[in-house]
Amino acid sequence: MQTIDSLDVKGRRVLVRADLNVPLDGDVITDDGRIRASVPTIAALAERGARVVVCAHLGRPKGKVAPQFSLTPVAARLGELLGHPVAFASDVVGDSARTTVDGLADGEVALLENLRFEPGEESKDDEVRGAFADRLAALAELYVGDGFGAVHRKHASVYDVPKRLPHAAGGLVVAEVEVLKKLTEQPARPYVVVLGGAKVSDKLGVIANLLGKVDRLVVGGGMAYTFLKAQGHEVGNSLLQEDQLDQVRGFIAEADKRGVELVLPVDVLAATTFAEDAPFEVVEATAIPADREGLDIGPKTRELFAGKLADAATVFWNGPMGVFEFDAFSGGTRAVAEALIASGAFTVVGGGDSAAAVRKLGLPEDGFSHISTGGGASLEYLEGKTLPGLAALED
Ligand SMILES: Nc1ncnc2c1ncn2[C@@H]1O[C@H](COP(=O)(O)OP(=O)(O)OP(=O)(O)O)[C@@H](O)[C@H]1O
Ligand SMILES: O=C(O)[C@H](O)COP(=O)(O)O
């Protein structure tokens with residue numbers, strides 16, 4: 001991959017695809033880690049006299065304009081972190097985008113509105129995606145791919161635009177790939193992967209490949225209930241991917257066949273509703289009452305998981321163990337994070353919310369070998385898959 005050093009950017013419009021998908025509470029950014037991680041590349045281009053046009057997605061508005069997914073608060077925060085105001089276009093490739101980009105002087109930065117307001121961005125139809133990519137590419141003369149958290153998506157801004165413009169990888173993408181590569185090339189063993197979080201359907205898909213690479217797979221968070229159900233247990237109202245139960249039964253059998261130790265929760269905090277102050281009780285993972293949902297791993301599970309991390313030499317962790325945004329259900333995530341720190345292993349934490357959890361819980365970021373901005377992206381990288389956004393940058 002070419003780096004931004006190879007581009008002559010002075011006086012030229014450079015489209016930077018960043019991952020600015022940050023957690024929001026209303027219009028308040030609750031963790032700005034991904035914005036901070038994107039600043040060095042944007043600042044370096046601006047300092048070299050580029051007219052920087054940043055594009056990014058926020059949430060999953062599915063091709064429609066939805067004000068709660070506007071990047072407006074992100075533009076303000078990006079400006080604060082850069083120390084210069086960021087011009088904000090109220091659309092992606094329309095009049096506002098063109099006027100905003102035309103108004104940029106050398107060294108100035110603009111941010112376009114949420115890419116996913118446009119149906120072309122995520123379309124599975126190559127022509128529809130391509131037509132949108134043409135319009136996006138027309139805004140700039142050069143392209144820099146720096147949204148590591150989205151490189152696993154075959155989306156217009158990630159995959160198609162670099163085919164239309166001279167391109168390079170941004171510093172964040174280069175740094176992320178360098179660390180994750182170490183995990184794919186002879187990781188020190190035991191190699192343990194810990195999975196949690198809520199993007200169950202996306203992330204179940206990575207398990208088949210990971211089973212051929214890891215020694216132990218620890219599953220908590222919203223991921224665990226599909227496993228428990230697949231084993232025949234009732235999970236009440238817990239997060240469940242009903243249509244993937246057969247697939248998960250296959251993983252359980254495959255793990256057994258390959259001698260990969262699969263570790264699941266033995267107890268959970270079962271709450272009456274999904275709320276900060278919901279009444280809850282600790283129940284066996286095999287006996288979750290029908291009217292309750294598991295919002296965190298229980299005390300016995302925290303101890304069990306910590307034990308499974310103590311002898312690890314390499315750990316990759318993606319996905320919180322519970323709804324850490326609610327204090328009452330953050331203990332499991334804290335326990336796993338602390339066990340990683342205590343392990344002395346080469347530890348990589350991946351994912352927007354996983355990294356946000358580490359910071360929210362006040363844990364030292366330097367307690368981990370690397371905190372990746374990508375969750376799904378880093379998991380797919382570890383599977384050994386060709387990621388569309390990286391392949392496009394290599395071409
Ligand atoms: N038991 C649970 N029930 C419901 N939600 C859960 C549960 N455990 C964790 N979560 C939620 O999972 C979310 C994070 O999951 P997610 O898969 O998005 O992880 P991530 O680190 O952000 O990865 P990515 O970067 O791929 O988005 C958090 O918002 C958390 O509240
Ligand atoms: O949060 C993430 O993992 C990235 O920003 C990608 O988001 P997505 O899973 O909605 O494509």
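Since this is a predicted model, take the numbers as computed values, not measurements. Heads up: numbering here begins at 1 and tracks the sequence. Read the numbers this way: they start at 1 and go in the same order the structure lists the ligands and their atoms. Worth knowing before you read on, the calculation uses all heavy atoms, side chains too, and leaves out hydrogens, waters and symmetry mates.
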ring-ring contact (aromatic ring centres under 6.0 Å, His included) with Phe329: which residues, sequence neighbours excluded? Phe280
Could you tell me the residue and atom name of the protein heavy atom closest to atom 4 (C) of ligand 2, and the distance to it rounded to 0.1 Å? Gly149 O, 3.3 Å
Is there at least one pair of N or O atoms, one from Ala198 and one from ligand 1, spaced under 3.5 Å apart? yes
Are Arg77 and Glu80 close enough for a salt bridge, meaning some N to O gap below 4.0 Å? yes
Can a salt bridge be assigned to the pair Arg17 and Glu121 using a cut-off of 4.0 Å between side-chain N and carboxylate O? yes
Under 3.5 Å between some N or O of ligand 2 and some N or O of Arg153? yes
What do you reckon, does Arg34 put a non-hydrogen atom under 4.0 Å from ligand 1? yes
Are any of the N or O atoms of Gly196 closer than 3.5 Å to those of ligand 1? no
For ligand 2, indicate whether the residue Lys203 contacts it via side chain, backbone, both or neither (heavy-atom separation under 4.0 Å). neither
Specify side chain, backbone, both or neither for Asn318, according to which of its non-hydrogen atoms lie closer than 4.0 Å to ligand 1. side chain
Would one find an N or O of Asn21, backbone or side chain, under 3.5 Å from an N or O of ligand 2? yes
Within less than 4.0 angstrom of ligand 1, does Pro320 place any heavy atom? yes
Judged on heavy-atom distance to atom 9 (C) of ligand 1, which of Ala357, Gly221, Gly322 sits nearest? Gly322
Hey, is His155 one of the residues with a heavy atom under 4.0 angstrom from ligand 2? no
Answer yes when Lys163 and Asp126 have at least one side-chain N-carboxylate O distance shorter than 4.0 Å, and no when they do not. no
Sub-3.5 Å N/O-N/O distance, Thr373 and ligand 1: no
Please identify which atoms of ligand 1 are closer than 4.0 Å to at least one heavy atom of Tyr225. 1 (N)
Pairwise side-chain contact, Leu82 with Val109, heavy-atom cut-off 4.5 Å (strictly under): yes
Give the contacting part of Glu293 toward ligand 1: side chain, backbone, both or neither, where contact means a heavy-atom distance below 4.0 Å. neither
Looking only at N/O atoms, are Arg116 and ligand 2 under 3.5 Å apart anywhere? yes
